Amino acid sequence: MHLAQALLNLIVSAAEPAAPAVAATAADAATGAHGTASGGTRELFIQICYLGASVLFIFGLRGLTSPDKSRRGMQLAALGMLVAIIGTLIHHDIVTYTWIIVGLVIGSAIGAAISIWMPMTAVPQRTAISHAFGALAATLVGISHYDQITRVLAEQVTRVDMAALGFEVMFGSLTITGSLMAFGKFHGILPRPPITYKFQNLSNIALFCVAALMFVYLVVTPSDSAAHATIFYLMVLVGLAVGVLIVIPIGGADMPVVISLLNSYAGLAASATGFALGNNVLIIAGALDGASGFFLSILMSKAMNRSFTNVLFGAFGAAPEAGAAQSADGLSVNSISVEDAAVQLGYARFVIVVPGYGMAVAQAQHAVRELSDLIEERGGEVKFAIHPVAGRMPGHMNVLLAEADIAYDKLLDMDEINGEFPRADVALVIGANDVVNPAARNDPASPIHGMPILNADQAQSVIVLKRSMNPGFAGIENALFYDPKCSILFGDAKSSLTKLVAEVKAV
Amino acid sequence: MPVSFDLVLLASDPTVTPLTTPFLQLYVFVLAGFVGFQIITKVPALLHTPLMSATNAISGISLVGSLVAAGADYSTYSTWLGFIAVTAATINVVGGFMITDRMLKMFKRRERK
């Protein structure tokens with residue numbers, strides 16, 4: 001710790017050769033980040049660090065536009081973060097490093113441990129909980145800032161600052177609990193089906209209005225009025241409640257939208273922190289995060305054929321009235337044996353695999369890879385058709401398949417692969433259901449009509465690996481399963497695939 | 001070394017009205033949002049999960065605010081809040097960048113035979 005302190009002192013004195021490092025007084029702190037003339041060099045150094053960090057963040061994200069450049073890009077972004085942290089550590093308000101170092105050490109240890117030992121199927125949980133952590137940090141910084149101005153310095157919060165602080169703690173608090181709820185749903189602690197009750201939307205909207213009124217009150221009323229602090233903390237509490245209430249009525253199938261939206265809120269909370277502290281790097285990083293989350297939630301909504309408002313307020317629409325949809329009465333399915341399926345796959349020239357989350361649940365990725373290697377050894381071609389909502393969060397299925405050592409150039413988006421289905425000898429559907437339901441295209445009465453799907457039904461033949469005939473998330477029958485060219489291999493995905501691998505070897 | 005940087009002048013210039021700063025911040029926010037949106041629309045669906053954990057790590061930049069709160073000795077209360085915030089944000093930053101790298105490492109191109 002002494003070493004770190006000495007190092008920091010060195011940086012401080014290097015950055016500020018003219019003036020000695022003077023501990024800031026409370027009055028000094030009140031003038032904000034701009035500093036006095038003597039703190040000018042230091043302030044300039046900090047601002048250059050922040051500017052550099054912002055540029056590095058943008059370069060980092062740009063790296064993600066191609067898998068080959070992505071790792072290098074993220075290293076740049078991580079460097080940006082380091083630069084921003086170093087810049088901040090010489091901030092003239094900081095007088096003691098003890099708690100900073102303790103926090104950094106504990107945080108690094110926890111963060112590293114999670115990221116090293118966490119299985120890839122748990123990425124959605126980790127993402128949800130880290131949205132909660134990010135929002136927690138923003139909220140606490142907001143509360144500390146408010147307390148510093150109103151109680152410690154006993155000064156007025158300007159209206160502009162109060163608006164920024166209000167957004168910060170509002171977005172922050174609802175993201176904390178919302179993300180924790182999402183974590184619970186992903187992790188199976190909370191029930192996946194929506195939790196609904198009477199007047200749910202009405203009471204949620206009412207609570208939201210209460211929060212909005214408190215917000216307005218805080219901005220228009222002078223901050224030294226008696227009730228100001230009480231209302232401020234009450235607003236945080238209401239925000240926490242709103243976070244819980246807006247996520248519980250959302251069903252498991254809609255979680256990709258929710259997690260993207262929470263990503264966006266966490267970013268907006270960070271941005272609002274930047275407004276409140278007058279710190280541009282926070283504003284920029286938060287805006288990047290906010291934009292990314294917003295874009296992904298639009299994409300996910302589209303992929304599920306739902307509007308934003310429908311996901312958030314019509315959550316119950318997730319369990320649509322199936323009455324109008326095709327009934328399965330009087331239809332029969334073709335069941336296929338492992339041997340027959342193996343012959344079909346063994347002699348296929350072109351196979352498209354359609355993986356659904358059922359495959360990941362069964363931990364069958366490696367068996368899929370083995371099967372695909374075998375088919376390729378026999379001269380066939382294998383591609384994977386990835387629906388945008390195939391996993392539990394955007395892009396999740398790609399990560400799971402990449403982890404099983406499947407080359408990423410075989411993983412194709414819906415738009416890239418859909419034209420290739422008619423050419424495929426076999427479409428192998430593993431644990432996917434609604435995303436290959438042709439009713440989305442053909443049946444205007446179906447609740448999923450209009451949802452973009454993978455055209456597995458256009459392949460020459462279809463083999464579906466399925467546990468039972470239970471309908472999918474949306475609770476609707478899938479016409480594909482009753483198609484004469486479709487056959488179903490019943491059983492657990494992993495054991496079916498393992499058997500298939502053995503049989504194809506023998507073909 | 002004389003200290004006469006524009007930045008300092010800007011801050012001490014009495015003709016700068018209080019509204020200017022928030023407005024400039026708004027510009028920064030809107031423009032950064034546009035830049036972000038433009039780049040992110042070009043990220044292939046293949047990398048959407050790493051994208052989310054990357055932006056998550058980047059938004060761990062709240063750490064910057066947390067560090068000041070934890071180290072400024074404003075009040076015991078603030079220090080505690082700051083300490084918790086530093087811990088939470090660091091989990092995000094370190095965990096976020098590490099998990100993103102772990103994921104990106106797995107994406108391999110087909111070996112040429």
Side-chain angles (χ1 to χ4, degrees), chain A residues 34 37 40 44 57 61-62 64-65 67 70-71 74 78 88 91 93-95 99-100 103-104 106-108 110-112 114-115 130 133-134 136-138 140-141 144 148 152 160 267 270 273 275 277 280 282-285 287-289 291-292 295 394-396 398-399 402-403 407-409 413, chain B residues 1 3 5 8 11 22 25 28-29 32-33 36-37 39-40 42-43 45-49 51-52 55-56 58-59 61-62 64-75 78-79 81-95 97-100 103-104 106-110:
Chain A
H34 301 302
L44 184 75
F57 289 158
L61 285 184
R62 211 183 56 165
L64 286 176
T65 52
S70 55
R71 275 189 83 191
M74 286 329 295
T88 308
H91 193 287
D93 275 12
I94 298 183
V95 291
W99 292 109
I100 291 180
L104 286 175
I106 296 177
S108 303
I110 297 176
I114 293 175
S115 62
S130 65
F133 283 138
L136 177 69
L140 294 182
V141 170
S144 144
Q148 159 70 1
V152 180
V160 176
T273 312
F275 278 98
L277 298 176
N280 281 334
L282 272 163
I283 297 178
I284 292 171
L288 293 175
D289 194 23
S292 164
F295 169 72
H396 189 204
N398 295 295
V399 172
E403 191 194 17
Y408 69 76
D409 41 355
D413 292 353
Chain B
M1 207 166 82
V3 184
F5 297 107
V8 180
Q25 291 177 340
V28 171
F29 175 73
F37 205 83
I39 296 175
I40 281 144
K42 294 195 184 71
V43 174
L46 182 73
L47 296 180
H48 276 166
T49 294
L51 169 69
M52 204 187 276
T55 52
N56 197 259
I58 289 173
S59 78
I61 190 73
S62 313
V64 163
S66 320
L67 289 172
V68 177
D73 205 15
Y74 293 141
S75 62
S78 268
T79 307
L81 293 181
F83 165 65
I84 299 169
V86 167
T87 311
T90 310
I91 294 175
N92 259 12
V93 169
V94 174
F97 280 117
M98 282 179 69
I99 195 83
T100 309
M103 282 193 268
L104 293 173
M106 301 186 316
F107 285 92
K108 289 182 211 93
R109 193 177 271 284
R110 198 179 329 204

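Values in this document were obtained by computation on a predicted structure and should not be read as measured data. Computed over heavy atoms, backbone and side chain alike; hydrogens, waters and symmetry mates excluded.
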Asks: Working to the nearest 0.5 Å, report the span between CD1 of B/Ile40 and CG of A/Leu288.
Replies: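 The CG atom of A/Leu288 is 6.0 Å from CD1 of B/Ile40, to the nearest 0.5 Å.
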Asks: Identify which of A/Gly134, A/Ala112, A/Pro67, A/Ser144 forms the greatest number of heavy-atom pairs closer than 4.5 Å to chain B.
Replies: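 So the answer, after comparing A/Gly134, A/Ala112, A/Pro67, A/Ser144, is A/Ser144.
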Asks: By a 4.5 Å heavy-atom criterion (distance strictly below it), what part of A/Thr273 contacts chain B: side chain, backbone, both, or neither?
Replies: neither
Asks: If you take all heavy atoms of A/Ile100 and B/Val86, which pair is closest and at what distance?
Replies: O-CG1, 3.9 Å
Asks: Which atoms form the tightest heavy-atom contact between B/Arg109 and A/Ala407, and what is the distance?
Replies: C-CB, 3.8 Å
Asks: Given that the side chain runs from C-beta out, which part of B/Thr79 has a heavy atom under 4.5 Å from chain A: side chain, backbone, both or neither?
Replies: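 Interface part for B/Thr79: side chain.
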Asks: Can you measure from CD (B/Gln25) to CD1 (A/Ile284) and round to the nearest 0.5 angstrom?
Replies: 11.0 Å
Asks: Which one wins on heavy-atom pair count under 4.5 Å against chain B: A/Ser115, A/Gly267, A/Gly111?
Replies: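 Maximum pair count with chain B is reached by A/Ser115.
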Asks: What distance do B/Thr55 atom OG1 and A/Asp289 atom CG have between them, rounded to the nearest 0.5 Å?
Replies: 4.5 Å
Asks: Using every non-hydrogen atom in the two residues, find where A/Asn398 and B/Ala45 come nearest and quote the distance to one decimal.
Replies: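 In this case the closest contact between A/Asn398 and B/Ala45 is ND2-O, 3.4 Å.
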Asks: Minimum heavy-atom separation for A/Leu282 to B/Ile61, with atom names?
Replies: CD2-O, 3.4 Å
Asks: Please rank B/Asp73, B/Val28, B/Val93, B/Ile99 by heavy-atom pairs under 4.5 Å with chain A and give me the top one.
Replies: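 When all of B/Asp73, B/Val28, B/Val93, B/Ile99 are compared, B/Ile99 has the most.
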Asks: Of all heavy-atom pairs between B/Gly65 and A/Leu277, which one has the smallest distance, and what is that distance?
Replies: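 Looking at all heavy atoms of both residues, the shortest contact is CA-CD1, 3.7 Å.
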Asks: Chain B: which of A/Asn280, A/Val399, A/Ile110 shares the most heavy-atom pairs with it under 4.5 Å?
Replies: A/Val399
Asks: What part of B/Val68 gets closer than 4.5 Å to chain A, counting heavy atoms only: side chain, backbone, both or neither?
Replies: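 Both the backbone and the side chain of B/Val68 come within 4.5 Å of chain A.
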Asks: Are any of the side-chain heavy atoms of A/His91 and B/Leu67 separated by less than 4.5 Å?
Replies: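 With C-beta onward as the side chain, the pair stays apart.
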Asks: Spell out, as yes or no, whether a donor-acceptor pair under 3.5 Å connects the side chain of B/Thr49 to the backbone of A/His396.
Replies: yes
Asks: Under a 4.5 Å heavy-atom cut-off, does chain A meet the side chain of B/Ile58, its backbone, both or neither?
Replies: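 Looking at B/Ile58, backbone and side chain both touch chain A.
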Asks: Just jot down the side-chain contact (heavy atoms from CB on, under 4.5 Å) partners of B/Asn92, sequence neighbours excluded, or say none.
Replies: A/Ser130, A/Phe133, B/Asn56
Asks: Among A/Ala270, A/Ala138, A/Ala285, A/Ser108, who wins on heavy-atom pairs under 4.5 Å with chain B?
Replies: A/Ser108
Asks: Could you check whether any side-chain heavy atom of B/Leu51 comes within less than 4.5 Å of a side-chain heavy atom of A/Ser292, counting everything from C-beta outward?
Replies: yes
Asks: Would you mind telling me which of B/Ser62, B/Gly36, B/Ala85, B/Gly71 has the largest number of heavy-atom pairs within less than 4.5 Å of chain A?
Replies: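 With the most close heavy-atom pairs to chain A, the winner is B/Gly71.
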Asks: Under a 4.5 Å cutoff for heavy-atom pairs, which residue among A/Ala291, A/Gly103, A/Ala287 has the most contacts with chain B?
Replies: A/Gly103
Asks: State, to 0.1 Å, how close B/Phe83 and A/Trp99 come at their nearest heavy-atom pair, and which atoms those are.
Replies: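 Of all heavy-atom pairs spanning B/Phe83 and A/Trp99, the closest is CD1-O, 3.5 Å.
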Asks: Is B/Phe97 close to chain A through its backbone or its side chain, or both, or neither, when contacts mean heavy atoms under 4.5 Å?
Replies: side chain
Asks: Between A/Tyr408 and B/Leu47, is a side-chain contact (heavy atoms from CB on, under 4.5 Å) present by the stated rule, with each step listed?
Replies: CA-CA 10 Å; A/Tyr408 69 76; B/Leu47 296 180; over 6 Å; no
